[in-house]
Amino acid sequence: MKWVAAGTVLGTMAAQGAFQIGFQADTGSTVTFAPAGPGAGTFAFSQADGSFVPQPYQWYGGASAQYVGSIVGSGAGGSFGFNNIQTALDGSQTATITTGGQLTISTWDYTALTGTILGGNIGWSQIETGYGYAGSIGQATFTVDLSNLHYTGSDPELTFLAANNGYLQVAFQFNPGESLTTLASVGGSTSYNGTIYTPAPETSTTVAGFAALGMVGLLVVLQNRRSVAA
Amino acid sequence: MLEATVEMMSSKCMRMSKLFLVEEWNMCKIRLGVMQRRNWRETENNKRNMKKIARLCGVLAGGGALLSGVAQAATVNSLNFSGLPTSAVQFDGHTFDFTGVIPALQGRYGANEIHVTSESGFGGSSSSVGDLGFFSIGASSGAATTWSFGAITVYGNGVQIANVTSPANTEVTLGDGFGGTLTANLAWMTVQTSAQIGSLNGSLTLNLSDVTYTPGTSSNPDFVTLATGVTPSLIVSFSVPGNPSLTQLATGGLHQSTSYSGSISETVTPPPPPPIPEATTTVAGGAALCSVVLLMATQRRQNGALKISK
């Protein structure tokens with residue numbers, strides 16, 4: 001299966017057998033960090049102000065901005081919790097995310113929702129802040145496995161995502177940079193962006209598939225020859 | 001002082017008891033009791049005074065430190081933005097841009113590429129939220145701007161960084177919603193990727209210079225602050241799935257296009273407090289005064305103890 005993204009804007013799809021949806025926060029939507037006890041914090045994505053995407057959605061995405069969506073944690077106020085902050089030698093930090101949540105995506109045409117909603121579980125793994133190279137870069141990502149995706153609509157990309165599950169990756173930045181330790185002890189709020197994507201098939205799997213296909217083809221040719229000879 | 005008198009009286013009473021001077025001994029005991037009670041009260045008062053002095057010193061030191069801290073605390077003013085639906089970061093070899101247009105939305109956003117989604121600092125203002133902007137070459141609004149980046153430095157922890165060759169007259173522009181614009185030169189940039197948890201995140205940093213604000217029919221106070229304050233900086237973050245490194249992005253042709261967000265920030269450090277009295281001098285003076293008072297109080301107690309021993 002190949003999703004062709006002619007004139008790709010928000011990066012829908014690219015590779016064979018996989019697809020991706022890039023998304024960007026709408027006006028008023030932020031990722032906000034708050035303290036939650038010693039060495040622990042929370043983060044939550046707020047809904048947009050409704051000026052572009054309809055509430056309670058937070059962001060838009062897709063090659064033609066044909067999707068709106070939201071990421072809501074199961075903690076208080078839709079938050080996700082994190083703790084166990086680890087600092088690497090280079091100054092980057094990682095923490096374990098302790099709360100699950102829900103991903104929701106719907107199709108729309110810039111004026112109204114047009115399709116059924118895709119829903120799925122978010123099982124966050126880690127959150128990370130990078131070391132401040134070349135000035136005070138403060139950026140971070142967190143990735144997650146999506147599971148239990150369900151979708152009954154007809155949008156081909158959402159159908160593909162629901163059938164294959166995938167990953168949700170979010171990036172954000174603070175300027176000046178902030179560490180996870182600071183975000184957990186002081187808090188902060190900023191803009192964000194992200195992608196939802198399915199993993200590309202492994203090369204070895206593809207090669208094995210082609211090899212098997214070749215063997216079957218060879219077998220058929222040989223059998224045909226035997227039949228003719230007989 | 002009183003302690004020494006009490007000690008002397010106690011010795012006197014002891015002598016009387018040994019000489020069987022009953023009446024004098026009884027009188028002595030009564031006077032000794034009165035003096036002991038007075039001594040106890042004085043001792044307690046001394047303790048309380050010492051505590052008060054110590055507390056006062058603590059408050060003075062804390063207040064001084066707080067005063068000093070407040071004077072030095074920096075304020076960060078940030079405009080956080082996201083790419084519009086019409087825009088994405090697009091890599092093509094050693095170049096990237098923020099272009100991309102959805103015809104259905106051209107009327108809505110024109111050639112703008114970013115919009116302010118939130119802000120912090122600026123005295124709690126939110127007057128910039130929703131404002132639109134774009135990156136451009138010179139003042140040509142919305143013109144497609146392509147940046148090139150040079151040799152990539154690879155670090156052992158998965159971080160890859162390259163210096164970006166920016167056109168000399170590259171600008172970022174934000175509209176104030178009243179017909180006016182805030183413009184700034186993009187002075188320099190780096191692009192970096194890291195893959196520390198199996199996912200790529202990248203960022204672009206640049207310093208802004210020559211920040212100029214030309215208000216429209218009304219003015220945006222946030223823009224006034226940015227234009228008149230210290231030089232702000234701008235950071236853009238983006239995320240590309242599939243774990244491509246900067247090297248892979250640079251060699252893969254036009255194959256990566258993704259969403260982005262960013263922050264334009266300035267860190268304002270308030271001017272130092274008036275030279276007289278400086279916060280640190282006040283604290284030092286207060287501490288010295290406290291030390292002298294505590295020393296005197298301690299010496300008084302020691303003098304009393306000395307007289308007792310004599």
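Throughout, protein chains are lettered first and strands after them, A, B, ... in sequence-line order, and every chain is numbered starting at 1.
Side chains of A:N175 and B:S233: a donor-acceptor N/O pair is present below 3.5 angstrom, by distance only.
Distance check, rounded to the nearest 0.5 Å: CZ of A:F174 to OG of B:S78 gives 9.0 Å. Rounding to the nearest 0.5 Å places CZ of A:F172 at 13.0 Å from OG of B:S82.
Side-chain N or O atoms of A:S191 include one that pairs as donor or acceptor with a backbone N or O of B:G262 at under 3.5 Å. At distances below 3.5 Å, at least one donor-acceptor pair connects side-chain atoms of A:N193 with backbone N or O atoms of B:S237. Between the side chain of A:Q24 and the backbone N or O of B:S259, no donor-acceptor pair lies under 3.5 Å.
Looking at A:T195, the atoms closer than 4.5 Å to chain B (heavy atoms on both sides) sit in the backbone and in the side chain alike. Heavy atoms of A:S51 lying under 4.5 Å from chain B belong exclusively to its backbone. Heavy atoms of A:D109 lying under 4.5 Å from chain B are absent altogether.
With sequence neighbours excluded, the residues forming a ring pair (Phe, Tyr, Trp, His ring centres under 6.0 Å) with A:Y192 are A:F45, listed by chain and number.
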Step by step, would you call B:V129 with A:T27 a side-chain contact (heavy atoms from CB on, under 4.5 Å)? CA-CA 7 Å; B:V129 174; A:T27 306; 3.3 Å; yes
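In plain terms, the two heavy atoms of A:P176 and B:T267 that are nearest each other are CG-OG1, 3.6 Å. B:H115 approaches A:D26 most closely through the heavy-atom pair CE1-OD1, 3.5 Å. Of all heavy-atom pairs spanning A:Y60 and B:L84, the tightest one is OH-CA, 3.5 Å. Residues B:S261 and A:Q173 come closest through the heavy atom pair OG-OE1, 2.8 Å.
For the set A:D49, A:I196, A:L89, A:T190, the count of heavy-atom pairs under 4.5 angstrom toward chain B peaks at A:T190.
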